[in-house]
Amino acid sequence: MEYNHRDIENRWQQWWKDNGTYTVREDASRPKYYVLDMFPYPSGAGLHVGHPLGYIASDIYARYKRLCGFNVLHPMGYDAYGLPAEQYAIQTGQHPETTTSQNISRYRQQLDRIGFCYDWNREIRTCDPEYYRWTQWAFIRMFGSWYDTEACKARPVDELCKHLDDNGTEGLHAAGTKELCLTADQWKAMDEKQKSDTLMNWRLAYLGNTMVNWCPQLGTVLANDEVSEGLSVRGGYPVEQKVMYQWCLRVSAYAQRLLDGLDTLDWTDSLKETQRNWIGRSEGAEMRFPIDGSDVELEIFTTRADTIFGVTFMVLAPESAYVDMVTTPAQREAVDQYLAAVKHKTERERMIEKKVTGVFTGSYAVNPLTGKKIPVWVSDYVLAGYGTGAIMAVPAHDSRDYAFARHFDLPVIPLIEGADVSESSFDAKEGRMINSCGPGLDLNGMEVKDAIAATKRYIRESGIGRVKVNYRLRDAIFSRQRYWGEPFPVYYKDGIPCVMDESALPLLLPEIDEYRPTDSGEPPLGRAKAWHTPEGYPLELCTMPGFAGSSAYYLRYMDPHNPEALVSHEANAYWRSVDLYVGGTEHATGHLIYSRFWNKFLFDIGAVVEQEPFRKLINQGMIQGRTSFVYRIKDTNTFVSYGLKDQYDVTPIRVDVNIVSNDILDTEAFRKWRPDYATAEFILEDGKYVCGWAVEKMSKSMFNVVNPDMIVERYGADTLRLYEMFLGPVEQSKPWDTNGIDGVNRFLRKLWNLFYKGGEFLVDGSEPSAEALKALHTLIKKVTGDIEQFSYNTSVAAFMICVNELTRLKCRSRKVLEPLVVLLAPFAPHMAEELWHALGHDTTVCDALWPVWDEACLVESTVQMAVSFNGKARYNITLPADATKEQAQETALAHEQAARWIDGKTIRKVIVVPGKIVNIVVG
RNA sequence: GCGCACGUGGCGUAAUUGGUAGCCGCGCUAGACUUAGGAUCUAGUGUCUAACGACGUGGGGGUUCGAGUCCCUUCGUGCGCACCA
């Protein structure tokens, strides 16, 4: 019987389905293991060859853990809300739900063909009301919570209200948008609307006027991680800054815990570093500078309080509330002009230009240490969103301040001995302080480090400010002006935002006739009929962002059909958290921050038992596409082959990789590809049209998407699985190519031929030779170690070596081949299952026992001999079995010679290579 | 600019973690077999050399009996943050 992948794979996929092989139940008698993939967004292009890279890696691990006796949870679902489906809906009028479920069926079909061990009974979709009711539920709970910065946890808003009733803000330690100061009487005197507005300052889910990233083309706001270099990550449209009244999540309250938690995680250092960067903790001080001749005090944040004697001006962010307060009538016009100019520039333009701009407000601040008057300026190099939106400028020791001072001819006072500030600032935190003496504080002669400490102490004692930790991490903007997302369980009662009762969930996404914003500029939900509560209060028109549904999905898999809770306490206490999470590194500052935040919040309210959602994380590399190009001669419909293109004036055009083979274009298929090209002419080289190529991200718009279906069809799923693993380390990105796939396929056929020859099943009960056993046990040892380290490429190589060896030995022994099948099961489950049953088993290979290697088999063919050296040290040397006496003596002699180097030191290890000595390790 | 990775044959990669550099696969070369294929098998394949041999892990330097691996420096690539005070 020949190896027929189609027959085998179809048959066993059906069998697994019929027998519920991958159904998982909680089982207290076995240890649990939770393996999770980042669930995909079901795009219209279908699954491409890059998706399965991570899925295969996790599938191998899940299957391996099961063979080792763990009860493995390995679920899959869909991140179903998203922009592409909505944009498609706007164009075609088709309901996003329709296209989304079509795409999901396609994904499911493709996934099934690869033979994953998912428990599909646990499938979830974020757009399913039975799922998103728990997203809405979490939002309601966040709305009803505030963050106690002393207890370091979320607490119910009722307790906050009680505190305000009793003490006002006195003794209140709460993470808030602003520092509020209220007496109990002031609080109690507020009406309902005022109280609601005030509480927004502390709620974890709150409505606030915040600077948002507004994308006009998409008609919606975006979170910071959805914007890159001033462009939207999805679509690449320009993004501008704008103040809007939006729902936000107070992620910033958890900044320190998100930072601390990283130390407990088994993630790569680079990913942790990325998150640390994103959280951006910096220790510094907040200081107040009074404005001369006014009651206003400017509050600034600095990490270089030690440079306070070098402050020669102050700078405000254009959006800062201080600007209005300190601008003098004489400067009013100039300032307004500047603000208008800044406002017209997008963030991207600001970043590209990097020109020094600014305007004087007319006011002077007073340096609290020297009493000197210093001018207050406005400039867009100061960011409104960081610190207090105002800075003290120290041009001698900050390059940005330096550039500004030089441009506007402001004084520069050097504060560090020997620092040359004639050409540029001296930013390093080292050296001895000079020019730094004033009433109450003398830093002269101190090292910078000590000066920072001394200044901090002074600030605390003198009351001119306070030591403060600042984070770069901002609150997450949670409103999206879109249709295809979770509706907020929020209504407005006389303008006061209220959340719905949990018992009323889910709040279903209403049907609308068109998916565009309304003519009056309201979000699409403004088109919904009867979009109000039974009492007639209007419902929120925005929907939640993409990360809402993906923030707690891993919890729902534990208990996917529970109508009472997101996850029952029992299920959560059993599965706890994800032991292994596999996904792309692109989620480092998005999903992986939000999920950790969400989980910590759920932990605070007692809904889950673990502080961190993902114990270990592996980032699979991206499989890039290899885009093919054709070259059209300008203003013609003639295309010139790659080698001749330099002779013409050409435009490169991307062409569908599926009509290109080995860089040769199928010209007939090209003519049929697009109506424009039906009449295309070609200038060929050697009768062929050669395409150019480039490595780019695999995406539909680049026409470089390769679907796994063709590979599965031609070579089978087992070959695809092995090949994707064989390509290189899972973490590494690489362009897709099929150059080595034949080798992997050949290996599977060779392995098959160990069991079958000419249609006959040849495995027998004979005793294996020592060599065959050695080959097997070497493999067991290697593969077991490799799987634990996700080094699958070397595992596949080890399989090849073993099979080649067994083929050479003509080994047909069941004692070798049966364990081999078990080892194969995680990698090539279909073939393993087929062979397992051929060996006479009637249960699945998934329930077999992972073999343990026998060290004795590995050393059996070598002999151990003891060599003593000077009577002081004694150690073992392993020589090959066929080593001659002469060789052994030679070895001993070599030791003696080597001993001259080691002179009195202890011998730790001796490494002997067959025949000759290499070295002696001494300690 | 700051931070984090990484750099090995024609290609993808490996190296027991400081111990024979190049495992395994692709490709290539030669041969065998054959109703000829996108099949299978055998041998060879880092560079230079007719050969002995020498050289070889981006470049330079160092530690070590011994360095792809550790340290310094330089160049190059990728990723993250980026006017964050």
Side-chain angles (χ1 to χ4, degrees), chain A residues 2 224 228-229 268-282 284-285 300-305 307 311 314-315 317 347 350-351 353-356 379-394 397-401 403-404 427 470-474 585-586 588-589 619 621-622 661 714-715 722-723 726-729 731-735 737-747 749-750 753 781-782 785 791 793-804 807 897-902 909-922:
Chain A
E2 280 292 295
N224 282 339
S228 177
E229 297 184 351
T268 62
D269 289 338
S270 72
L271 190 73
K272 288 188 193 179
E273 202 53 37
T274 300
Q275 288 214 342
R276 285 194 192 103
N277 264 331
W278 188 259
I279 294 167
R281 183 183 204 272
S282 63
I300 59 97
F301 175 76
T302 180
T303 54
R304 292 298 303 274
T307 59
V311 178
M314 311 287 288
V315 188
E347 185 166 350
R350 274 203 216 178
M351 280 190 319
E353 281 184 16
K354 284 207 170 179
K355 259 200 291 189
V356 178
S379 173
D380 64 1
Y381 83 87
V382 174
L383 302 176
Y386 185 76
T388 59
I391 61 152
M392 63 179 214
V394 186
H397 302 290
D398 182 288
S399 51
R400 298 151 303 181
D401 297 344
F404 194 83
D427 292 12
N470 238 313
Y471 299 92
R472 204 191 71 95
L473 184 72
R474 319 272 173 92
T585 179
E586 66 271 20
T589 54
N619 288 120
M622 218 182 339
S661 167
R714 199 172 137 60
Y715 294 97
L722 281 166
Y723 181 59
F726 187 67
L727 273 175
E731 300 89 336
Q732 213 160 84
S733 289
K734 54 220 145 208
D737 78 78
T738 52
N739 287 340
I741 200 161
D742 288 318
V744 170
N745 189 246
R746 202 168 291 147
F747 152 73
R749 290 201 308 266
K750 273 188 204 164
N753 291 336
K781 187 175 183 181
K782 177 83 177 136
S791 178
N793 55 331
T794 54
S795 285
V796 178
F799 268 107
M800 290 177 176
I801 295 169
C802 179
V803 166
N804 283 342
T807 306
Q897 286 168 351
R900 294 198 187 106
W901 312 325
I902 55 180
K909 192 165 115 192
V910 177
I911 297 121
V912 176
V913 171
K916 64 174 183 181
I917 180 159
V918 174
N919 261 305
I920 294 187
V921 177
V922 298

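Every chain is numbered from 1, with letters handed out A, B, ... down the list of sequences. Quick caveat: nothing in here was measured; it's all calculated off a predicted structure. Below, all heavy atoms of this structure are taken into account, side chains as well, without hydrogens, waters or symmetry copies.
Dashed line: the shortest gap from a side-chain N or O of A/R746 to OP1 or OP2 of B/C26 is under 4.0 Å. Contact between the side-chain N/O atoms of A/N277 and the OP1/OP2 oxygens of B/C4 is not found at any separation under 4.0 Å. Dashed line: the shortest gap from a side-chain N or O of A/R472 to OP1 or OP2 of B/C81 is not under 4.0 Å. In this model, the phosphate group of B/A85 is approached by a side-chain N or O of A/Y386 to a distance below 4.0 Å at OP1 or OP2. Considering only side-chain N and O atoms, A/R749 lies nowhere under 4.0 angstrom from the phosphate OP1 or OP2 of B/A39.
Between the side chains of A/N745 and A/Y723, no donor-acceptor pair of N or O atoms lies under 3.5 Å.
On the P atoms, B/U47 is 41 Å away from B/G3, given to the nearest whole Å. Rounded to the nearest Å, the gap between the C1' atom of B/G60 and that of B/G1 is 26 Å. A distance of about 24 Å separates the P atoms of B/U57 and B/A5, rounded to the whole Å. Remark: the separation of the P atoms in B/C2 and B/G56 is 34 Å, to the nearest Å. When the P atom is used for both B/C52 and B/U42, the distance is 27 Å, rounded to whole Å.
A donor-acceptor contact under 3.5 angstrom links the side-chain atoms of A/R714 to the base of B/G38.
Applying the 90° cutoff around 0 to the glycosidic angle, B/U20 is assigned anti. For B/G76, the O4'-C1' to base torsion is more than 90° from 0; the nucleotide is therefore anti.
What separates CZ of A/F799 from P of B/C24 is a distance of 16 Å, to the nearest Å. For the pair A/F404 CZ and B/A85 P, the interatomic distance rounds to 18 Å; values are reported in whole Å. Rounded to an integer number of Å, the gap from CG of A/N745 to C1' of B/C26 is 14 Å. With rounding to whole Å, A/D269 atom CG is found 14 Å from B/C6 atom C1'. If you measure from atom NZ of A/K734 to atom P of B/U77, you get 22 Å, rounded to the nearest angstrom. Distance CG (A/L271) to P (B/C6): 15 Å, rounded to an integer number of Å.
Note on A/R304: only backbone sugar-phosphate atoms sit closer than 4.0 angstrom, heavy atoms only; bases stay farther off.
Side-chain proximity of A/S270 to the nucleotides B/C4, B/C24, B/C41 is greatest for B/C4. In the set B/C41, B/G80, B/C24, the nucleotide with an atom closest to the side chain of A/N804 is B/C24. Among the nucleotides B/C26, B/C24, B/C83, the one closest to any side-chain atom of A/N739 is B/C26. Listed candidates were B/G12, B/C81, B/A85. Nearest to the side chain of A/V382 is B/A85.
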